[in-house]
Amino acid sequence: QAQLVESGGGLVQAGGSLRLTCTASGLPFSLSAMGWFRQAPGKEREFVAAITWNGAGTRYSDSVKGRFFVSRDNAKNMVYLQMNSLKPEDTAIFYCAAKVGSQYSTDYVYYNYWGQGTRVTVSS
């Protein structure tokens, strides 16, 4: 059974850092592009970052570019999101998602598997 489990969320002050981890099982992780999305209260789910199956390519939303960094370890079936210089507007539930196939997408509809999410709260 395919499963994605996020961890690493929490409460942090503005300007601080967090690293989110997503652990995959039961799916072809090394053949999947991975994405991070977030959903703030009252808002739609939005793209944050993505990485190709081999880590060679990454993509970021304009709102996080230069502050967030996505990486993966295929040997461990893990993908990471390093978040620096956090802002209150980054407060959201963060989800990781897997898209079977080499290329990522910024559109959540193309992702096949989803985690349950981890909450990130940034205080001002």
Side-chain angles (χ1 to χ4, degrees):
Q1 182 175 347
Q3 192 172 22
L4 295 172
V5 179
E6 302 96 336
S7 60
L11 173 64
V12 63
Q13 287 190 332
S17 298
L18 284 174
R19 187 174 87 151
L20 305 184
T21 299
C22 174
T23 304
S25 60
L27 60 98
F29 181 80
S30 61
L31 300 178
S32 299
M34 298 298 295
W36 286 96
F37 294 79
R38 66 185 180 186
Q39 189 165 17
K43 296 188 176 181
E44 295 198 352
R45 190 168 300 191
E46 66 170 351
F47 169 76
V48 175
I51 188 167
T52 54
W53 68 278
N54 61 356
T58 57
R59 176 84 178 266
Y60 300 93
S61 68
D62 288 344
S63 62
V64 307
K65 197 174 297 182
R67 299 188 299 123
F68 290 12
F69 301 94
V70 60
S71 60
R72 66 188 296 160
D73 185 338
N74 284 353
K76 296 182 178 180
N77 280 9
M78 289 182 173
V79 62
Y80 310 98
L81 185 67
Q82 177 66 43
M83 306 187 296
N84 302 324
S85 302
L86 282 161
K87 305 175 181 180
E89 51 264 43
D90 293 318
T91 295
I93 298 175
F94 281 72
Y95 300 89
C96 75
K99 176 181 176 292
V100 179
S102 60
Q103 188 56 42
Y104 53 70
S105 173
T106 61
D107 191 337
Y108 70 88
V109 301
Y110 294 107
Y111 285 77
N112 308 99
Y113 305 100
W114 289 85
Q116 82 289 347
T118 186
R119 185 178 299 274
V120 172
T121 304
V122 184
S123 63
S124 57

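Note that these values count all heavy atoms, side chains included, but never hydrogens, waters or copies made by symmetry.
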**Item:** E46 side, atom CD; Q39 side, atom CD - distance, nearest 0.5 Å
**Value:** 9.5 Å
**Request:** Measure the CZ-OG distance between F68 and S17 for me, rounded to the nearest 0.5 Å.
**Result:** 9.5 Å
**Prompt:** Does the distance from a Lys or Arg side-chain N to an Asp or Glu carboxylate O, for D90 and K87, drop under 4.0 Å?
**Reply:** no
**Item:** I93 with V12, same ILVMFWY side-chain cluster at under 4.5 Å
**Value:** no
**Minimum side-chain heavy-atom gap L27-N112 below 4.5 Å** = no
**Fill in**
Closest non-hydrogen contact found for V100 with P28 is CG2-CG, 4.1 Å
**Value rounded to 0.5 Å, distance of OG in S105 from CZ in R59** = 9.0 Å
**For the student: nearest non-hydrogen atoms of L81 and A49, plus distance** = CD1-CB, 4.0 Å
**Item:** Heavy-atom pair of closest approach, residues V79 and S71
**Value:** CG2-O, 3.1 Å
**Request:** Looking only at non-hydrogen atoms, find the nearest pair between Y80 and T21 and report the distance.
**Result:** CD2-OG1, 3.5 Å
**Prompt:** Do the side chains of M34 and Y111 join up, straight or via other hydrophobic residues, at under 4.5 Å, putting them in one cluster?
**Reply:** no
**Prompt:** Is there a path of hydrophobic side-chain contacts, each under 4.5 Å between heavy atoms of I, L, V, M, F, W or Y residues, that connects V70 with V64?
**Reply:** yes
**Request:** State whether F29 and R72 meet the cation-pi test: NZ (Lys) or CZ (Arg) under 6.0 Å from the six-membered ring centroid, and within 45° of the perpendicular axis.
**Result:** yes
**Item:** Flag, side chain of N74 to backbone of W53, donor-acceptor distance under 3.5 Å
**Value:** yes
**Message:** Using ring centroids (six-membered ring only for Trp), state whether Y95 and Y108 fall under 6.0 Å.
**Reply:** no
**Asked** Where the side chain of T58 meets the backbone of I51, is there a donor-acceptor pair that is under 3.5 Å apart?
**Response** no
**Prompt:** So, do S7 and T23 sit near enough that their side-chain heavy atoms are less than 4.5 Å apart?
**Reply:** no
**Request:** List the atom of S123, the atom of L11, and the distance in Å for their closest heavy-atom pair.
**Result:** CB-CD1, 4.3 Å
**Request:** Compare every heavy atom of R38 with every heavy atom of A92, then report the nearest pair and how far apart it is.
**Result:** CB-CB, 3.8 Å
**Item:** Distance (rounded to the nearest 0.5 Å) between F47 CZ and W36 CH2
**Value:** 12.5 Å
**Asked** Between the main-chain N or O of C96 and the side-chain N or O of E6, is there a donor-acceptor pair closer than 3.5 Å?
**Response** yes
**Prompt:** Passes side chain to side chain contact (heavy atoms under 4.5 Å, CB included), Y104 versus Y110? Steps please.
**Reply:** CA-CA 9 Å; Y104 53 70; Y110 294 107; over 6 Å; no
**Item:** Atom pair CG (N77) and CD (Q3), whose distance is rounded to the nearest 0.5 Å
**Value:** 12.0 Å
**Aromatic ring pairing F37/W114, orientation class (parallel under 30°, perpendicular over 60°, tilted between)** = tilted
**Item:** CG-CE distance between D73 and M78, expressed to the nearest 0.5 angstrom
**Value:** 8.0 Å
